[in-house]
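What follows is a set of notes on a single structure, which appears directly below.
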2 protein chains.
Amino acid sequence: MSPMSRNSPALSIKSASVQDYVKVIYTSTEWQDQRVTPSQLAARLGVANSSVTGMVRKLVDLGLAVHQPYQPVELTGEGKALALAMVRRHRLIETFLVQELGYAWDEVHDEAELLEHTVSDTFVDRLSAKLRHPTRDPHGDPIPAADGTVRMPAAHQLGELDPGHTGHIIRISDANPELLRFLSTEEIGLDDRVEVIGHRPFGGSLVVRIGSADRPREIDLGQEATAALWVASDGPHENCLLGS
Amino acid sequence: MSPMSRNSPALSIKSASVQDYVKVIYTSTEWQDQRVTPSQLAARLGVANSSVTGMVRKLVDLGLAVHQPYQPVELTGEGKALALAMVRRHRLIETFLVQELGYAWDEVHDEAELLEHTVSDTFVDRLSAKLRHPTRDPHGDPIPAADGTVRMPAAHQLGELDPGHTGHIIRISDANPELLRFLSTEEIGLDDRVEVIGHRPFGGSLVVRIGSADRPREIDLGQEATAALWVASDGPHENCLLGS
DNA sequence: AAGTAAATTTAGGCATGCCGAAAAAATGGA
DNA sequence: TCCATTTTTTCGGCATGCCTAAATTTACTT
């Protein structure tokens, strides 16, 4: 039995703020393996540091997080289950907005951010069914299953790859809408092939051959873009199954 | 120019509570023509009378309502525009839940009640387009247009009609989910024909011939049901156009 | 016209979640 | 090691919106 199915009523009890904190704590460690500090949380949530202190105490009281004074924050199993449920909601809603309501890539984030706190479990289930139970959202992020399992593809940020590497884009961080619009006009999208050519001598920009299979181009990408694009290397696929 | 198009940013500023109060004030006078008292508001909103006093003062400060102490509450033009926008949201969302996500009649109200405060104007517009700009929700209630106009069909509660009257059902109040389920099992629905036969001597129940065109039956309906069913009389249709 | 019952308002409080300012603890450089 | 900077926490406060209990006003009855 998964942790989520056991406490389904619990979800509806937690406030939107609690849900937000837990989700941000979780997503801060989704693509890199460091624990998150209170000040990082404050920055991501757009609140003062002192607000985080208070809220983290509440999360600990609720059994969702563990925290020692002056230390980073971590989720408990229950906290992680709640976070996965929220991530699932968020990404299903984003997928719906794009596929059913014709939203553009860069428009969906804020709307989903609000709706994820409001829709019922029933709504989420029916939405998932209507969308044929997708496993990736429009940005390529994995959508956790209802039982809390996630397939995390092995991926690296484009900026971290050495020249010569080839692969294809499996994830585009949705953190920066402006960047999403840039990629859109450059016609760079999910599943495009990439080859790392090398670094420009003085600019800090990375030269890559990129594009859909039929139209690869050489292009310079700045640090912003290479951090937002995640690449799966060519070769046999490693997928790791993460429980909650 | 409609009132709504002028202050579109205003909507997003009002809190969910303000939106709820304004909507309830409006819907209290939608199907009957009496002003609503604070205690009626309290009952409908599920809050204490004293909470209404405070909130009504706020509505007045916001320019959404007018109120003299110890008197009923009324909306200003701006308040009515906000209310119509909320009603539009609510009914479009209900329609979406039924048509696109397969919700049953009696399941949609609570979900819509929450979502109406959360979705953006963009969402509402695109949803309306996706549903082909419907003018009636699943209960037959009119959906205000984006510019705030509503077509209110001339209708009467079934319980108010004299024996011999014929017409068809154009609205079923969604206030009571249990009743909606009853009507569902009796296969009574929107657009069914009705003929009032007469009152049972001692029961208070009303005998009507009712049902879809191919299968009319005689049936006894209690006071609950006859108050929830709204009938348009046969004959030339009178529609009145209400501005906001 | 007076008295009682009902509706409404006032007053004081509570919970959530945010803030800024100031104190306390950790970190890093010389 | 010690001092300065940064991070985190504590403290007091504020806004929203709800509550109960106690006035106040209105409405009804006789």
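As the structure is a prediction and not an experimental result, all values here were calculated from the model. Just so it is clear: chains get the letters A, B, ... in the order the sequence lines come, proteins before strands, and each one is counted from 1.
Rounded to an integer number of Å, the gap from B:Q40 CD to C:dA6 C1' is 14 Å. Computed from coordinates, the A:L41 CG to D:dT9 C1' distance equals 15 Å when rounded to whole Å. B:Q19 places its CD atom 15 Å from the P atom of D:dT16, with the value rounded to the nearest Å. Between A:H117 atom NE2 and C:dG17 atom C1' the separation is 14 Å, expressed in whole Å. The nearest whole Å value for the distance from the CG atom in A:L45 to the P atom in C:dT16 is 18 Å. In this structure, the CG atom of B:N49 is 14 Å from the C1' atom of D:dT24, given to the nearest Å. Nucleotide D:dT16 holds its P atom 13 Å from the NZ atom of B:K14, rounded to whole Å. Counting to the nearest Å, the P atom of D:dT25 and the NE2 atom of B:H67 are 15 Å from each other.
Between A:Q71 and A:A16, the residue anchored closer to the 5' end of DNA chain C is A:A16, taking for each the nucleotide with the nearest heavy atom. Each of B:M55 and A:Y70 has a nearest nucleotide on DNA chain D; the 5'-most of these lies closest to A:Y70.
Counting any heavy atom pair closer than 4.0 Å across all strands shown, B:A48 reaches a base atom.
Look at A:Y21 and you'll find a side-chain N or O under 4.0 angstrom from OP1 or OP2 of C:dC18. Note on A:S17: a side-chain N or O is less than 4.0 Å away from OP1 or OP2 of C:dC18. For the OP1/OP2 pair of C:dT9 and a distance below 4.0 Å, the side-chain nitrogens and oxygens of B:R57 include no atom meeting the criterion. Within the 4.0 Å cut-off from OP1 or OP2 of C:dA6, not a single side-chain nitrogen or oxygen of B:S39 is found. A sub-4.0 Å separation between OP1 or OP2 of C:dC18 and a side-chain N or O of A:S51 is absent.
Under the 4.5 Å side-chain criterion, counting only non-hydrogen atoms from C-beta, B:M86 is in contact with B:H117.
With respect to A:E100 and B:R126, no salt bridge is recorded, no charged nitrogen being found less than 4.0 Å from a carboxylate O. Between A:R171 and A:D141 there is a salt bridge, since at least one side-chain N of the basic residue sits less than 4.0 Å from a carboxylate O of the acidic one. Ion pairing of A:R89 with A:D121 is present here, as a side-chain N (NZ or NE/NH1/NH2) and a carboxylate O approach within less than 4.0 Å.
Closest to the B:T37 side chain, of the nucleotides D:dT8, C:dC18, C:dT8, is C:dT8. Relative to the side chain of A:K58, the nucleotides C:dT16, D:dG17, D:dT8 differ in distance, and C:dT16 lies closest. Closest to the A:V47 side chain, of the nucleotides C:dA26, C:dG17, C:dC19, is C:dC19. Side-chain proximity of B:S50 to C:dA26, D:dT10, D:dT20: nearest is D:dT20.
Checked against the 6.0 Å centroid criterion, the rings of B:H139 and B:H109 do not qualify as a close aromatic pair.
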